[in-house]
Enquirer: 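I'd like to ask some things about the structure below.
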Amino acid sequence: MSTTGSRAAALVPAFTAPDVRVTRSRRSTVWVAAVAVVLVAVLAYLPYLVYSGTTSLLVNVFILMIMASMWNLLAGYAGLVSVGQQGFVGIGAYAVVVFAQHGVDVFVALPLAMLVSGIVGIPVWWLLRRLRTAYFAIASWVVASVLAAIVTSISSLGSGTGISLLPYLNFSATLLGAITYWAALTVLVAALAAGYLLLRGRGGLVLTAVRDDEIAARSAGGRVGRVQRLVFVVAAIGCGGAGALLAISQIFVQGSNVFNVSWSAEMIFATIIGGIGSIEGPIIGAIIYYVIYETLGNYGTWYFIVLGVIAMAVAIWARRGLWGLVADRFNIRIFPVGYYLWPRADMVPAASVPPGPVPGTPVPPPAAPAASPSPAGEELGADGG
Amino acid sequence: MTALLELDRITKRFGSVVVADGLSLAVGAGDIVGIVGPNGAGKTSLFGLIGGDLAPNSGEVRLEGRPVTRLDASARCRLGIGRTYQVPRPFVDMTVFENVLMAAQQGGGQRRRLSYARAAAVLERTGLGNDANVPAGRLGLLSRKRLEMARALATAPRLLLLDEVAGGLTDPEVAELVTIVTSVRDEGVAVLWIEHVLRALTASVPRLICLAGGSFIGDGAPAEVLAEPAVREVFLGTEVTTSLAGLAGEAAREDA
């Protein structure tokens with residue numbers, strides 16, 4: 001175990017620190033990581049097993065998962081309720097076209113398009129940064145509309161009628177479908193990993209705090225503006241990636257499609273029903289959305305009625321979405337982003353406590369901070385798990 | 001020697017309502033100053049102006065001689081101003097430990113194990129040790145008030161702004177909080193303390209300020225301030241008057 005107590009006491013004389021052990025979740029999550037790796041491996045192997053109809057459906061599911069995860073970071077954590085993410089979807093899609101026109105392979109253009117979308121996100125954030133809630137929502141929509149108006153006025157990009165990527169694709173249909181699927185899977189894994197690392201890092205606590213109370217987060221010293229900007233740019237990159245994937249999978253880019261506000265509606269729906277404010281929620285929500293779409297999509301009006309009823313039911317009875325219900329009932333978290341402070345009694349058998357400060361007793365400040373002894377293994381002690 | 005906190009003719013208006021009318025104030029390191037005043041006197045706004053939630057229309061706020069008027073609440077917190085809110089604002093879906101850890105890492109500027117140790121120590125000190133892994137949203141009022149204090153302390157403040165931490169609590173609960181506050185002061189942290197529960201305040205502060213209509217109308221030893229005609233007039237007609245008189249008498253007897 002650690003003797004952080006003596007060090008902390010040396011630096012902060014006003015406090016006598018108890019011996020502490022903190023892990024990122026109460027239970028080990030190694031098996032979860034193993035399952036995730038297996039799942040991604042199976043998904044990666046899928047094009048060899050199933051018809052292209054299935055993989056192209058999954059591409060759409062992945063795209064929605066990417067979008068919803070990004071919207072969840074924005075609205076579920078950073079407190080930024082955007083209905084303008086279609087602006088970045090459109091930028092990503094058209095960026096692929098521009099790169100393709102300049103002789104860049106579309107799958108090389110994909111990450112470049114994400115980069116472009118992220119760069120566009122910086123000035124957009126500068127415009128929106130002082131706004132919150134409904135004002136932020138409306139302003140983000142306006143910005144998206146302006147981006148759409150600018151892009152669809154460029155004649156080399158087909159103006160409003162759209163433009164085909166077909167001349168730039170030198171793949172057989174089967175191969176194109178498989179590579180598109182792998183690209184979508186890659187972007188999805190990257191998007192989820194980015195979200196996870198954001199929340200697990202030091203900024204994660206700030207983001208989670210902002211989710212609950214932005215003013216209190218500032219008063220506790222949180223660099224709120226900094227994490228919000230980071231999240232906004234990450235969401236721009238992610239939504240740009242989703243747009244680029246749309247362009248490649250549909251082989252045709254039209255402004256009224258890629259810049260459509262319905263993308264924001266879909267990502268909001270998937271996030272809300274799945275569970276806003278958790279990494280797992282948007283994934284679940286996107287799956288549910290496509291299950292409903294596949295079973296009821298042909299019934300027209302009924303499809304929308306079912307979507308509406310589900311959205312209302314979740315809003316009334318399950319404010320934290322379906323994942324929220326599951327997580328609370330069974331007390332599970334797939335992504336360990338929290339901090340668990342171990343009660344002292346549960347920490348270690350008494351015999352293995354190193355000589356030094358006894359837990360619970362005040363630690364006398366050492367003569368000099370440098371003199372405080374650090375037994376080997378301390379580095380692992382407090383953060384293990 | 002420069003005071004820890006200086007307010008220099010701070011004025012703040014909301015439309016035609018003046019919540020701070022050219023307020024000037026100096027608080028030294030380790031001072032503990034009580035602030036009283038009727039509802040709407042501008043007490044919480046004063047904390048907003050010091051803590052950075054509110055920007056003044058004119059005037060300057062200085063921390064150790066350095067102007068902080070243009071800094072936001074986050075930056076001021078990192079410079080050493082910790083505050084609590086009258087109506088507690090816990091991060092409800094985070095655990096108690098995470099609430100305090102966030103403050104220790106951001107406001108207190110500590111990383112990793114040092115921040116863990118500090119957060120755990122603050123929880124012990126504020127009596128929240130057993131609730132460390134409980135979501136803050138499940139806490140009752142007393143624990144929420146403690147959490148407000150714990151979060152402010154975790155930022156390692158040099159100036160602590162307490163906004164009615166004793167409001168709504170029973171006498172023994174108030175006594176516990178007072179013990180914590182005085183021990184914090186004993187470590188050299190300056191405390192500005194707004195309280196409606198005058199008993200908690202007058203017993204533990206050597207200096208009391210009365211705020212009314214955005215102006216300071218009394219500043220000095222509690223007994224003297226509460227005996228001043230202007231202060232009594234402000235409270236006149238409220239139920240506080242009688243208890244004020246009683247407290248002034250008590251304080252006078254203690255002084256004698």
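Letters go in sequence order (proteins before strands), and every chain restarts at 1.
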Enquirer: Taking atom CZ of A:R132 as the centre, report whether more than 12 heavy atoms of other residues, nucleotides or ligands fall under 6.0 Å from it.
Expert: yes

Enquirer: Given A:R218 and B:D72, is the side-chain contact (heavy atoms from CB on, under 4.5 Å) satisfied, shown in steps?
Expert: CA-CA 8 Å; A:R218 286 180 194 276; B:D72 73 348; 3.6 Å; yes

Enquirer: A:L205 vs B:M94, test: side-chain contact (heavy atoms from CB on, under 4.5 Å). Steps then yes/no.
Expert: CA-CA 9 Å; A:L205 270 180; B:M94 295 165 75; 3.5 Å; yes

Enquirer: Do you know which two heavy atoms are closest between B:A120 and A:V20, and how far apart they sit?
Expert: CB-CG1, 3.1 Å

Enquirer: Which atom names give the shortest non-hydrogen contact between A:S219 and B:Y85, and what distance separates them?
Expert: OG-OH, 2.6 Å

Enquirer: Within a 6.0 Å radius of atom CZ on A:R319, are there more than 12 heavy atoms belonging to other residues, nucleotides or ligands?
Expert: no

Enquirer: For B:C77 versus A:G221, what's the shortest heavy-atom pair and its separation?
Expert: SG-N, 3.4 Å

Enquirer: Shortest non-hydrogen contact from A:A216 to B:R151?
Expert: CB-NH2, 3.6 Å

Enquirer: If you count every heavy atom of other residues, nucleotides or ligands that lies below 6.0 Å from A:R226 atom CZ, does the total exceed 12?
Expert: no

Enquirer: So what's closer than 4.5 Å to chain A heavy atoms on B:R89: side chain, backbone, both or neither?
Expert: both

Enquirer: Are more than 12 heavy atoms from other residues, nucleotides or ligands located less than 6.0 Å from atom CD1 of A:I215?
Expert: no

Enquirer: Taking A:D213 for its side chain and B:P90 for its backbone only, find out whether a donor-acceptor pair lies under 3.5 Å.
Expert: no

Enquirer: Counting heavy atoms not belonging to A:D328, are there more than 12 under 6.0 Å from its CG?
Expert: yes

Enquirer: Identify the two heavy atoms, one from B:R111 and one from A:R202, that lie closest to each other, and give their separation to 0.1 Å.
Expert: CG-NH1, 3.5 Å

Enquirer: Return yes if some donor-acceptor pair links the side-chain N/O of A:D212 with the main-chain N/O of B:D93 below 3.5 Å, else return no.
Expert: yes

Enquirer: Taking side chain to side chain contact (heavy atoms under 4.5 Å, CB included) as the criterion, tell me which of B:L101, B:V100, B:T95 meets it with A:Y339.
Expert: B:L101

Enquirer: Between B:R76 and chain A, which part of the residue has a heavy atom less than 4.5 Å away: side chain, backbone, both or neither?
Expert: neither

Enquirer: List the atom of B:M102, the atom of A:A209, and the distance in Å for their closest heavy-atom pair.
Expert: CE-CB, 4.0 Å

